[in-house]
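A short write-up of the structure that comes next.
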Amino acid sequence: QKEVEQDPGPLSVPEGAIVSLNCTYSNSAFQYFMWYRQYSRKGPELLMYTYSSGNKEDGRFTAQVDKSSKYISLFIRDSQPSDSATYLCAVVYGNNRLAFGKGNQVVVIP
Amino acid sequence: GAGVSQTPSNKVTEKGKYVELRCDPISGHTALYWYRQSLGQGPEFLIYFQGTGAADDSGLPNDRFFAVRPEGSVSTLKIQRTERGDSAVYLCASSLTGDNTDTQYFGPGTRLTVL
């Protein structure tokens, strides 16, 4: 069983819509959860970081962790064309290794 | 300041050849990681260095893959007898201390194509 699962389907939304992305993880001992954003032909960049459970908000972005269901979510409010990218969820395990989901390609249509 | 840099940005080689991929981490970062990202997949962990030593090489797929970091800064990932299945983007990341709370900063990757 993979450490984190992310349905890799693409997502197209109109500008201004709310984008909702989610992942599930396998091990209840995981404590550190991340969302990375990856533009085409670039390396991933850290977008949001959450420790344990609860919500974290940064501008238009909100990350949620529900440890009871082992579910992590990312919400993007008032989406912009510049938000068009692939979004990867990740968990930290072992020696600070990151295990990534497959990613969701998001396209925000002007 | 400068981020993580990787060279070459693209590498095309033939099956059976040897390749070296280079990573320059952010200055002062003691931890360095290599990941591999196949098309349509998230990055997969290969190896983690703390200083000069490989603290965790459990992600290396087989003994054709080897990595070094002799002076605790630049790292080289070496692949012997390349196979078509090795084609992927090889990503390097560095972090300040290697703690679980540390942010890993990624380079742009080297796109390896094995013909």
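Every value quoted in this text rests on a predicted model; they were computed, and no experiment measured them.
- Chain A is approached within less than 4.5 Å, heavy atom to heavy atom, by B/Gly40, B/Gln41, B/Gly42, B/Pro43, B/Glu44, B/Phe45, B/Tyr48, B/Ala55, B/Asp56, B/Ser58 from residues 40-78 of chain B, ordered by number.
- Annotation for B/Leu39: atom CG does not count as buried by contact number, only 12 or fewer foreign heavy atoms lying within 6.0 Å.
- If you measure heavy-atom distances from A/Gln38 to chain B, the contacts under 4.5 Å come from the side chain alone.
- The hydrophobic clustering, which links ILVMFWY residues whose side-chain heavy atoms are closer than 4.5 Å, places B/Ile79 and B/Leu32 together.
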N/O donor-acceptor pairs under 3.5 Å from side chains in residues 42-52 of chain A, not counting sequence neighbours:
unit_1  : atom_1 : unit_2  : atom_2 : d
A/Glu45 : OE2    : A/Arg37 : NE     : 3.2
A/Glu45 : OE2    : A/Arg37 : NH2    : 3.2

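- A/Phe100 and A/Tyr93 fall into different hydrophobic clusters, defined by Ile, Leu, Val, Met, Phe, Trp and Tyr side-chain heavy atoms under 4.5 Å apart, directly or through other members.
- In the hydrophobic clustering of this structure, B/Trp34 does not group with A/Val92; members are Ile, Leu, Val, Met, Phe, Trp, Tyr whose side-chain heavy atoms approach within less than 4.5 Å, directly or through other members.
- Using non-hydrogen atoms only and a strict 4.5 Å limit, no part of residues 6-20 of chain A faces chain B.
- Residues of residues 80-105 of chain B placed with any heavy atom under 4.5 Å of a heavy atom in chain A are listed by number as B/Leu91, B/Ser95, B/Gly98, B/Asp99, B/Asn100, B/Thr101, B/Asp102, B/Thr103, B/Gln104.
- Residues A/Met34 and A/Leu88 fall within the same hydrophobic cluster, defined by Ile, Leu, Val, Met, Phe, Trp and Tyr side chains chained together at heavy-atom separations under 4.5 Å.
- At a 4.5 Å heavy-atom cutoff, the contact between A/Tyr36 and chain B is made by side-chain atoms alone.
- Side-chain atoms of B/Tyr35 come within 3.5 Å of backbone N or O of A/Leu98 as a donor-acceptor pair.
- Taken from CD in B/Gln37 to OG1 in A/Thr86, the straight-line distance is 8.0 Å, to the nearest 0.5 Å.
- Atom NZ of A/Lys102 sits in a sparse spot, with 12 or fewer heavy atoms from other residues, nucleotides or ligands closer than 6.0 Å.
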